[in-house]
Amino acid sequence: MAKCDICGKGPQFGHHVSHSKHRTKRRWAPNIQRVTIIVNGQRKKVNMCTRCLRTRNKHLAQQ
């Protein structure tokens, strides 16, 4: 399932619009990665979107 365990970001729905304005349904899935993080001293595998991953790495680099 394409859902981020941190922010809850999931798939978004909309229309693919052709040049003739014909609309068909489509969906955009977020880029979800399975990563191992340390929570309260224990390793935990979570599904995380790349936006949360970038933000997490940014905060870890500043510490």
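Quick caveat: nothing in here was measured; it's all calculated off a predicted structure.
- Under a 4.5 Å side-chain heavy-atom criterion applied to ILVMFWY residues, the cluster that includes W28 comprises that residue alone.
- When every heavy atom of C4 is checked against every heavy atom of C7, the shortest pair comes out as SG-N, 3.4 Å.
- For CZ of R26, the number of neighbouring non-hydrogen atoms (other residues, nucleotides, ligands) closer than 6.0 Å is greater than 12.
- Annotation for R43: atom CZ does not count as buried by contact number, only 12 or fewer foreign heavy atoms lying within 6.0 Å.
- Applying the under-4.5 Å side-chain rule to Ile, Leu, Val, Met, Phe, Trp and Tyr, the cluster around F13 consists of that residue alone.
- Under a 4.5 Å side-chain heavy-atom criterion applied to ILVMFWY residues, the cluster that includes V17 comprises that residue alone.
- Proximity of a side-chain donor or acceptor of N47 to a complementary backbone N or O of I32 within less than 3.5 Å is not detected.
- Linking ILVMFWY side-chain heavy atoms closer than 4.5 Å, directly or via other members, places I6 and V35 in a single hydrophobic cluster.
- For K58, the side-chain contact (heavy atoms from CB on, under 4.5 Å) partners are Q62, not counting sequence neighbours.
- Under the rule for a side-chain contact (heavy atoms from CB on, under 4.5 Å), the partners of R56 that lie at least two apart in sequence or sit in another chain are I37, M48, L60.
- Within the structure, side chain to side chain donor-acceptor pair (under 3.5 Å) contacts touching residues 7-20 (residues at least two apart or in different chains) are S18-S20.
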